[in-house]
Amino acid sequence: MAEELYERSGNPELGVAVSTFGELLERHAGAEFSGPQSQAFDLLMFVSGGQAEQVVDFARYRLSAGDVLWVRAGQVLEWGDIGGLAGDVVTFSPFSIPPITWETVCRRAGNQNHWLGAATASPDVASGIAFIRSIAEKMRTQPSNAWRVALPQAVSALLLTLTVNSDFICRSDVSSAQLSAYLSFLDALEVEFTTRQTAQEYAELLGYSTKTLDRMARRYAGRSVKQMIDDRVMLEAKRLLVHSDLSVAAIGRRLGNADAGNFARFFAHHAEVSPAEFRRTHGLPSRVPTPAVGTVRE
């Protein structure tokens, strides 16, 4: 699906495509939008009308006019009824965004996927969406290398504008030094969660005391360091259960737990269902290649 979207956009080299919700439905069979999916590209949905529910990494978001939804590569998306939505969908490779921009917007956004009413509340966001739409139209009618270069730059600018208004960055109690330290922990957690699973290990890695690191986590996330580690492991476990053919034991080993029984008990404690039951109730009708765990952009 990604390759076809890029090809139809007229910009496969730079990995950016712009379509309306209606165009997506016209081009792809309904099966493309059924069951949990994890893609190797990012999706930005800009809703100008209608309502629909989308599920990203097992969290439900009710979309309506003015909303923006950003689904990152590797996240699990369960499509809702997009036939009820008007607006635009931008698909793009993370590697089409300049590295310094990508690092900035990902850090700013944190775990946020949904910006409620962003296109309505922020004229800058609305202008950015309109500019992307305009470039995409020019690429269809006036093919030019200038437009091909401009499109990923326009997406980059919009991501920067959008994440200025992210929930975490807008908190008044976050100082720049505290933010930097906390984000360093989040970066380390994303890379190391399969091998480092105690607060002590992250404290030693980052040069803080365990107490200081735990205090930062509780202040900015409302969770202890251990809870945040377990949350990240659980998220990856759920992704793999619904989007891979790996056995429960293999998933446990991949996530740092060599004992299948221990992993099953860990999962059931946090999810309140067994891994097998979670897979039965959330699994794909057909399997696709398993996304990599803990990968980071170079």
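Note that the structure is a prediction, hence the values are computed from the model and not measured.
Between E53 and R60, at least one side-chain N (NZ, or NE/NH1/NH2) sits under 4.0 Å from a carboxylate O, which counts as a salt bridge. Here D57 does not pair with K238 in a salt bridge; the nearest charged N to carboxylate O distance is not below 4.0 Å. Salt-bridge annotation for R133 and D88: present, with a side-chain N of the basic residue lying under 4.0 Å from a carboxylate O of the acidic one.
Around the OH atom of Y208, the shell of radius 6.0 Å holds more than 12 heavy atoms that belong to other residues, nucleotides or ligands. N111 CG: 12 or fewer foreign heavy atoms inside a 6.0 Å radius. Heavy-atom neighbours of Q142 CD from other residues, nucleotides or ligands within 6.0 Å: above the threshold of 12.
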Exercise. Step by step, would you call S274 with R279 a side chain to side chain donor-acceptor pair (under 3.5 Å)?
Worked result: CA-CA 9 Å; S274 70; R279 171 170 270 172; over 6 Å; no
For this session: Walk me through it: do K226 and D214 pass the test salt bridge (charged side-chain N to carboxylate O under 4.0 Å, His left out)?
Result: CA-CA 8 Å; K226 180 55 177 170; D214 206 56; over 6 Å; no
Exercise. Please walk me through it: do T104 and T101 pass side chain to side chain donor-acceptor pair (under 3.5 Å)?
Worked result: CA-CA 5 Å; T104 300; T101 302; over 6 Å; no
For this session: Step by step, work out the side chain to side chain contact (heavy atoms under 4.5 Å, CB included) result for D230 and F266.
Result: CA-CA 9 Å; D230 289 349; F266 167 84; 3.7 Å; yes
Exercise. For S127 and F131, what are the C-alpha separation, side-chain angles and deciding distance, and is it a side chain to side chain contact (heavy atoms under 4.5 Å, CB included)?
Worked result: CA-CA 6 Å; S127 296; F131 187 47; over 6 Å; no
Problem set entry | Q153 and S156: CA distance, side-chain angles, deciding distance, side chain to side chain donor-acceptor pair (under 3.5 Å) verdict | CA-CA 5 Å; Q153 300 301 321; S156 297; 4.9 Å; no
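Rounding to the nearest 0.5 angstrom, the gap separating the CG atom in L189 from the CG atom in L205 is 11.0 Å. To the nearest 0.5 Å, atoms CG (L255) and CD1 (I251) are separated by 7.5 Å. Atom CG in N257 sits 13.0 Å away from atom CZ in F267 (nearest 0.5 Å). Interatomic distance, R72 CZ to Q39 CD, rounded to the nearest 0.5 Å: 16.0 Å. One finds the CG atom of L69 at 10.0 Å from the CG atom of L85 (value rounded to the nearest 0.5 Å). Atom CE in M234 sits 15.0 Å away from atom CD1 in I229 (nearest 0.5 Å).
Contact detail for P94 and D42: the closest heavy-atom pair is CG-OD1, 3.3 Å. Taking every heavy atom of both residues into account, T120 and G66 meet most closely at OG1-CA, 3.3 Å. Counting all heavy atoms, side chain and backbone alike, A136 lies closest to V18 at CB-CB, 3.6 Å. A pairwise comparison of heavy atoms in A199 and L213 identifies O-CD2, 4.1 Å as the closest pair. Across all non-hydrogen atoms, the minimal contact from S93 to S96 is O-OG, 2.6 Å. Considering all non-hydrogen atoms of both residues, G128 and L158 come closest at CA-CD1, 4.1 Å.
For the pair E201 (side chain) and T198 (backbone), a donor-acceptor distance under 3.5 Å is present.
With hydrophobic clusters built from ILVMFWY side chains whose heavy atoms lie under 4.5 angstrom apart, L160 shares a cluster with V155. Both V56 and L63 belong to a common hydrophobic cluster when Ile, Leu, Val, Met, Phe, Trp and Tyr are linked at side-chain heavy-atom distances under 4.5 angstrom. Cluster membership check: L24 shares its hydrophobic cluster with Y61, using side-chain heavy-atom separations under 4.5 Å among Ile, Leu, Val, Met, Phe, Trp and Tyr.
L116 meets the side-chain contact (heavy atoms from CB on, under 4.5 Å) test with D67, H114; sequence neighbours excluded.
A donor atom on one side chain and an acceptor atom on the other are found under 3.5 Å apart for N113 and Q75. A donor and an acceptor atom, one from each side chain of Q200 and T210, are located under 3.5 Å apart. Residues Q54 and W79 bring no donor and acceptor atom of their side chains to less than 3.5 Å of each other.
The aromatic ring centroids of F95 and F41 lie 6.0 Å or more from each other.
With R232 as the partner, the side-chain contact (heavy atoms from CB on, under 4.5 Å) test is satisfied by one option alone out of E192, E190, Q197: E190. Under the ring-ring contact (aromatic ring centres under 6.0 Å, His included) rule, Y202 has a single partner from F193, F185, Y182, which is F185.
Using a 4.5 Å heavy-atom cutoff, the side chains of D259 and F263 are not in contact.
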